[in-house]
Amino acid sequence: MGVYETQGFKLDNSGKRVVVDPVCRIEGHLRVEVNLDANNVIRNAVSTGTMWRGLEVILKGRDPRDAWAFTERICGVCTGTHALTSVRAVEDALAIKIPENANTIRNMMQLTLQVHDHLVHFYHLHALDWVDVVSALKADPKRTSELAQSISAWPLSSPGYFRDLQNRLKKFVESGQLGPFMNGYWGNPAYKLPPEANLMAVAHYLEALDFQKEIVKIHTIFGGKNPHPNWLVGGMPCAINVHDTGAVGAINMERLNLVKSIIDRSIEFTEQVYIPDLLAIASFYKGWLHGGGLSSKSVLSYGDIPDRANDYSAKNLLLPRGAIINGDLTRVHEVDLKDPEQIQEFVTHSWYKYADEARGLHPFDGVTEPNFALGKNAKGTKTDIKELDEAAKYSWIKAPRWRGHAMEVGPLARYIIGYVQKNPEFKEPVDMVLKKLDVPLSALFSTLGRTAARGLECQWAAHKLAYFHDKLIANIKAGDSSTANIEKWDPATWPKEVKGAGFTEAPRGALAHWIRIKDGRIDNYQCVVPTTWNGSPRDGKGQIGAFEASLMNTPMAKADEPLEILRTIHSFDPCLACSTHVMSPDGQEMAVVKVR
Amino acid sequence: MIETFYETLRRQGITRRSFLKFCSLTATSLGLGSAFAPRIAHALETKPRTPVIWLHGLECTCCSESFIRSAHPLAKDVVLSMLSLDYDDTLMAAAGHQAEAILEEIKKKYKGQYILAVEGNPPLNEGGMYCIQSGKPFVEKLKYMAADAKAIISWGSCASWGCVQAAKPNPTQAVPVHKVITDKPIIKVPGCPPIAEVMTGVVTYMLTFDRIPELDRQGRPKMFYGQRIHDKCYRRPHFDAGQFVEEWDDDAARRGYCLYKMGCKGPTTYNACSTTRWNGGVSFPIASGHGCIGCSEEGFWDKGGFYDRLTHIKQFGVEANADKVGGTAAAVAGAAVAAHAAVSAIKRARVNHAEENQGGK
Amino acid sequence: MSLARDSSSYHDMATATGVDEAAVQQAPSIKSMYVYEAPVRLWHWVNALCIVTLAASGYLIGSPLPSMPGEASDSFLFGYIRFAHFAAAYILAVGFLVRIYWGFAGNSHAREIFTLPLLTAAYWREVGAMLQWYAFLRPYPNRYVGHNPLARLAMFFGVFLMTLFMLATGFALYGEGAQAGHWSHILFTSWVIPLFGQSQDVHTWHHLGMWAIVLFVIFHVYAAIREDIMGRQSMLSTMISGYRMLKK
């Protein structure tokens, strides 16, 4: 492949090859290979999805009302979002209108996921890319306390609190059994935080681990459990009964109060811990603005959180919808999931076969025929891969394109679109962060920008939870307790053949399912998921995906310690179980599943 | 954060006296005699936390997510004080070869001492390359790490039964752990995912009593999987009364009647949902209005629709439930009998007629 | 039917096929024979009643009646239906055990439903003869004192094996509710559930078993009435009085 230019990046695979497999602290299994130049700067990046499960073939012939449960198991981290996408796809196909309360409860479920997922991502999947746990041992607890109190009113901030924590941490490290912190990249010069900030972050790592289990209780109340709460085609299964006898078996005042208390605590934790930590950490890393990748060039969002039920048009969606291409921030393009010219998937560099690989296929007509083979320059064997050859096929992820463009999706994409649409809910917080950190707008297009957008969205979602909680109560007060529409519950009422699409904005980005229903059964089911977009391999034109683009031109402090690679890849919050395609063992089934 | 086993016990309110008694009982039960009790006590007082290697195959990470939801004990305490979670791709700081080096180290240093926790399962098709880790099939890694493990915990329905990727037609040929590892004790903790406190309950049981929990014939701990959800369901009185939800959001649903007719699989599902409940005891599926889908049962994806009371049977060519199959067969049999009776009557009439004619001659 | 046999082999023949020419030879002098002893007859009718109860209550357990109103304490309808099912099942089980005992203690006809002379060519010839009779290929059936060979085949599978199957699966399901430690859990639940994979499959097969028994009942009742009218021996009255009336 040698040297070539694409999307404003100059790819050069002549330097030293570094392989990172597995990339940990993500959902699923991912491999990254990069080439470094003489100065340890990344000049070529290759990302490979290394797992797939076949859900789409499995879904064929099943009851569409059951599909949510199958697709929900695509991902247990962003749990529920696939289920919501699935019931929306089925309802779109069958023209089912859901009650207002069901829409409100679904929004609360989805927003709960956003709050939870972003928080867990920041502290438990991402923080160790910025925070040096071992350095925290050198911190002065008193100064740590001063730091904590200077940025937040959070009560757990006394010198004694940090001293106790530090002592426990010391004993832990001295034991020699480092558990999940074993073999970390402690002491790497890419870590920039002073010991006090590290100690504070470790404290919040543990506090967040305790608190995250509280957030999801909203799922438990409405959906019965978390992970993997229950959903229903036509509404929600949790009946509402606030006035009458038997209310203990339904959503009643006590349940609503519990939801409210969780929302209040979530807002508090986000605003007093997450956002202050984010800003504090960012202030030490604002000189490290690598990892922008495609974010300044092409981003995509389907939009989500319909304010009123059954209206999925952009103006009714609280999360922005649209596409930006060619770095033209003055124009947000409209997105249509059913337009065969817009979303297409290519397999030139994916382990699949098309009759004509120069063409992309819309998900309604997706084909998945496996073709597992390594390129001629790959090193190792088929079952012991040492190095991949990106000039050939090299990933189980297909390459989705929007009007031919590789796109980045996720919180940063949503915030960029919201920002250029001048939506104050998104523009004002971004401006606030830029001002606080004293950085220009261009700083947004970076690894740090991605991480910041996620934090802001967490805060936004927590407040929107409160909004929908009030809305639910107002609607019940107005006399509407309905949660399900059963007019079309019986498959006998369905047309013989229909198709539909459903979408959400998962925490990681744009997610959509496409379904065809025939004779009451699933005839075809397709998912294009956020990590398929972000983790996309190259296409026939050599265009790289968002992961690959984001790694380009990043200098590494130590070639042997992939800290910077992890930091940038993690900023996308990859979910590989989702991005996998499905295939049939005989290669006869023409199907695709990706799961984000 | 580092505590010995003894310190953990003490922190949990167990007195030194009880601890020493536990040690002497252990010594006796091992046939070592009471003289060994001080040695066991010393070992437990200084014993390092049990290393745990947590591998991920084909899965969705819901088990890990569930595990960190544990309210008692807190996941934080389990991970930092009770055991040593030395390898878990979802949480560990290291990646790439630094991560894989941990596997080698633990395998050697704690040979026969570490617990292998498996989330997800290995696919066998395409040489196992449906799940590639470090360039190799996951099944190799699983077998390699199982070889020197003390015991294996199969987390969730993937590792225990196969779960969603093994649903028909199982395109990747995903198999549960016990199909590829046959020479180690395996504790199945099924569920999609299992309840957080059940997961930490199993782990703390093993650490506290230093033994594998008593398992049923299918390899599940009896203490959490010995009863059906139905047996302890708070809606059970409505079941016995014959009070059922007939349609979603009907009056019965708002009154919390039994979800039996909505396809609830509580009567056939062994799990602790109706007792332990979920997420710190907040609710469980039935209490939130949706029937149980049977997620801790083997092959629950392939037992017909989640909303059907009667399981669909596919063995007979057409997909139908037992009543349709049986009712059709009975109708056909009835028709055949009627036809046979009619023919018999005609034949008999003819014979009688012929005999009469003969008699007339 | 050849009569040129010594009496001992002839006796074996009668045991295998139920063909009893010796008895028929004496038919003019004995108009009837005592076949079904009292315990067999009693068991038959108790069993019939149990099966009707079990099938009806079992069906309602699978497809419950419309929901009852009010609070849970107002009603125990489903509980009673299930009680009827369990009580009938216990009676059926006890009856089955008594019937097995009577297979040893009673006359030779009492054993017929528990065994099949699978290796006896004559038996299969008579099964063929019965099939021909039902296919209208012969004007008259042969005469049998006990069960005719085809009926015996049906009894072995439809009564003996089906009852075993339904008792094993049924008590396995019952044991689930009765909990570990209960005899039904120890004897059945502990191995039947793992054998089938999971409880839901056992429910399904138990349910299918009910339909198999319904099929058996349809054929059994029809055949009995038809034989009564068209065959060469009495049927219905035999199961009441115990005496088989032989016709020419």
Side-chain angles (χ1 to χ4, degrees), chain A residues 20-24 27 29 50-54 57-58 63 66 69-70 73 75-77 128 168 171-172 175 177 179-184 206 209-210 213 216-217 220-221 223-228 230 237-239 241 246 249-250 372 380 383-385 483-484 486 562 566 577 583-585, chain B residues 1-2 48-49 58 60-62 65-66 69 71 74-76 79 84-86 88-89 91-96 98-99 101-102 125-127 129-137 164-165 167 171-172 192-193 247-249 253-256 278-279 282-285 288-290 293 305-307:
Chain A
V20 187
D21 183 5
V23 173
C24 297
E27 200 294 325
H29 305 290
T50 54
M51 70 180 280
W52 59 114
R53 299 196 291 158
V57 169
I58 291 166
D63 189 330
D66 290 345
F70 287 80
R73 269 69 184 181
C75 182
V77 174
L128 299 181
R168 291 183 73 194
K171 283 180 77 180
F172 184 78
S175 79
Q177 285 188 293
F181 305 122
M182 200 168 170
N183 282 12
L206 297 174
L209 192 55
D210 286 351
K213 72 179 194 305
V216 298
K217 286 179 179 171
T220 319
I221 291 162
K225 69 198 256 271
N226 173 285
H228 297 336
N230 292 312
C238 53
N241 182 355
F372 181 59
T383 53
D384 186 5
I385 304 165
T483 52
I486 55 152
L566 294 177
M583 61 175 61
S584 67
Chain B
M1 274 171 228
I2 173 65
R49 289 164 295 144
L58 289 187
C60 77
T61 315
C62 72
E65 284 282 347
S66 186
R69 309 284 193 269
L74 290 168
K76 171 181 82 177
V79 172
S84 188
L85 185 61
D86 292 327
D88 177 357
D89 357 353
L91 283 176
M92 64 197 297
Q98 286 95 347
I102 296 171
N125 265 353
E126 190 82 41
M129 294 300 270
Y130 282 107
C131 187
I132 313 170
Q133 295 178 22
S134 312
K136 296 177 196 164
V164 68
Q165 59 268 15
T172 62
C192 188
E247 282 173 344
W248 297 112
D249 200 25
R254 294 181 186 189
R255 283 165 171 264
W278 279 82
N279 305 101
V282 166
S283 186
F284 73 108
S288 291
H290 194 285
I293 65 170
F306 294 125
Y307 304 102

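Lettering of chains follows the sequences in order, A, B, ..., and the numbering in each one begins at 1. Computed from a predicted structure; not experimentally measured.
Heavy atoms of Pro22(A) lying under 4.5 Å from chain B belong to its backbone as well as its side chain. Both the backbone and the side chain of Leu85(B) come within contact range of chain A, judged by heavy atoms closer than 4.5 Å. The contact between Leu566(A) and chain B is made entirely by side chain atoms (from C-beta outward), counting heavy-atom distances below 4.5 Å. Both the backbone and the side chain of Leu58(B) come within less than 4.5 Å of a heavy atom in chain A. Contacts between Leu128(A) and chain B at a heavy-atom distance below 4.5 Å involve the side chain alone, from C-beta outward. Heavy atoms closer than 4.5 Å to chain B are found in the side chain of Ile486(A), but not in its backbone.
Of the listed residues (Gly127(B), Ala253(B), Cys131(B), Gly256(B)), the greatest number of heavy-atom pairs within a distance under 4.5 Å of chain A belongs to Cys131(B). Taking Ala75(B), Pro193(B), Ala99(B) one by one and counting their heavy-atom pairs under 4.5 Å with chain A, the maximum is reached by Pro193(B).
A donor-acceptor contact shorter than 3.5 Å is absent between the side chain of Arg69(B) and the backbone of Val216(A). The backbone N or O of Thr220(A) sits less than 3.5 Å from a side-chain atom of Ser288(B), completing a donor-acceptor pair. Here the side chain of Glu126(B) pairs no donor or acceptor atom with the backbone of Phe372(A) at under 3.5 angstrom. Asn279(B) places a side-chain N or O within donor-acceptor distance of the main-chain N or O of Asn226(A), the cut-off being under 3.5 Å. Side-chain N or O atoms of Asn183(A) include one that pairs as donor or acceptor with a backbone N or O of Gln98(B) at under 3.5 Å.
Here the straight-line distance linking atom OG of Ser84(B) with atom CE of Met182(A) works out to 7.5 Å at 0.5 Å rounding. For the atom pair Ile293(B) CD1 and Asn230(A) CG, the distance stands at 6.0 Å (nearest 0.5 Å).
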Inset, instruction - Starting from the C-alpha separation in whole Å, work towards a yes-or-no answer on side-chain contact (heavy atoms from CB on, under 4.5 Å) for Arg53(A) and Cys60(B). - result: CA-CA 10 Å; Arg53(A) 299 196 291 158; Cys60(B) 77; 3.9 Å; yes

Legend entry - Residue pair Thr383(A), Met129(B): steps toward the side-chain contact (heavy atoms from CB on, under 4.5 Å) verdict: CA-CA 7 Å; Thr383(A) 53; Met129(B) 294 300 270; 4.0 Å; yes

Legend entry - Worked verdict on Trp248(B) versus Thr483(A) for side-chain contact (heavy atoms from CB on, under 4.5 Å): CA-CA 8 Å; Trp248(B) 297 112; Thr483(A) 52; over 6 Å; no

